[in-house]
Amino acid sequence: MSIEEAEIQSYHFYCDKYKTSGRWVYTDSAVAVIFSYNGKEYSIPFNAVFTKQNIPWLKEAAVMMMQAMIEDIRFYQTEME
């Protein structure tokens, strides 16, 4: 059984490596991971079927996506210096 939109948006997750929290939001009838890093807000599309049973794994996936994007940002910033 899938979860309601409001409940999905109530979940938060945290990336220990970069000390950054994120959450899911609905944007244009799709779900995205939203997080802030170095004062800027980022959004990553997140396509999944949300159920009570898979929330723990979806949170882990969202954190891995945040971490990968932050590493890309850090790499790009290093390249520009």
Side-chain angles (χ1 to χ4, degrees):
M1 177 191 286
S2 58
I3 301 174
E4 296 292 322
E5 183 178 314
E7 185 175 351
I8 292 168
Q9 293 187 117
S10 72
Y11 288 102
H12 291 78
F13 28 85
Y14 188 74
C15 176
D16 283 323
K17 184 173 182 178
Y18 294 111
K19 309 295 185 235
T20 303
S21 62
R23 63 187 177 91
W24 288 301
V25 296
Y26 270 84
T27 58
D28 301 324
S29 72
V31 179
V33 172
I34 302 291
F35 68 97
S36 293
Y37 181 72
N38 280 347
K40 291 181 75 177
E41 188 169 271
Y42 295 92
S43 175
I44 307 169
F46 193 88
N47 188 12
V49 175
F50 288 84
T51 66
K52 293 266 189 205
Q53 294 77 20
N54 69 4
I55 286 294
W57 296 284
L58 294 177
K59 283 179 156 184
E60 287 182 35
V63 169
M64 288 190 294
M65 292 170 73
M66 287 170 42
Q67 186 171 319
M69 181 173 256
I70 291 168
E71 288 169 358
D72 286 348
I73 293 164
R74 290 168 58 94
F75 177 77
Y76 181 72
Q77 287 173 345
T78 303
E79 288 284 308
M80 297 300 290
E81 293 174 354

Trainee: Considering residues at least two apart in sequence or located in another chain, which fulfil the side-chain hydrogen bond (donor to acceptor under 3.5 Å, both in side chains) criterion with Asn38?
Mentor: none

Trainee: What's the separation between atom CH2 in Trp24 and atom CD1 in Ile3, rounded to the nearest 0.5 Å?
Mentor: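 Answer rounded to 0.5 Å: 8.0 Å.
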
Trainee: What do you reckon, is CG of Asn47 surrounded by more than 12 foreign heavy atoms closer than 6.0 Å?
Mentor: no

Trainee: With distance as the sole test, does Lys40 use its side chain to make a donor-acceptor pair with the main-chain N or O of Tyr37 at under 3.5 Å?
Mentor: no

Trainee: My understanding is that only residues two or more places apart in sequence, or in another chain, count here; which of them pass side-chain hydrogen bond (donor to acceptor under 3.5 Å, both in side chains) with Tyr26?
Mentor: none

Trainee: Measuring from Phe46:CZ to Leu58:CG, what's the distance to the nearest 0.5 Å?
Mentor: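 One gets 4.5 Å once the value is rounded to the nearest 0.5 Å.
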
Trainee: Got a sec, which residues hit salt bridge (charged side-chain N to carboxylate O under 4.0 Å, His left out) with Glu7, two or more places apart in sequence or on another chain?
Mentor: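 Expected list: Lys52.
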
Trainee: Which other residues belong to the hydrophobic cluster containing Val25, where Ile, Leu, Val, Met, Phe, Trp and Tyr are joined when side-chain heavy atoms lie under 4.5 Å apart, directly or via other members?
Mentor: Ile34

Trainee: Could you tell me which residues satisfy ring-ring contact (aromatic ring centres under 6.0 Å, His included) with Tyr42, sequence neighbours excluded, listed by chain and number?
Mentor: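 Checked Tyr42 against ring-ring contact (aromatic ring centres under 6.0 Å, His included); matches are Phe35.
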
Trainee: Side-chain atoms of residues 59-71: list all donor-acceptor pairs with protein atoms under 3.5 Å, sequence neighbours left out, distances to 0.1 Å.
Mentor:
from: Gln67; atom 1: NE2; to: Glu71; atom 2: OE2; distance (Å): 3.4
from: Glu71; atom 1: OE2; to: Lys17; atom 2: NZ; distance (Å): 3.0
from: Glu71; atom 1: OE2; to: Tyr18; atom 2: OH; distance (Å): 3.3

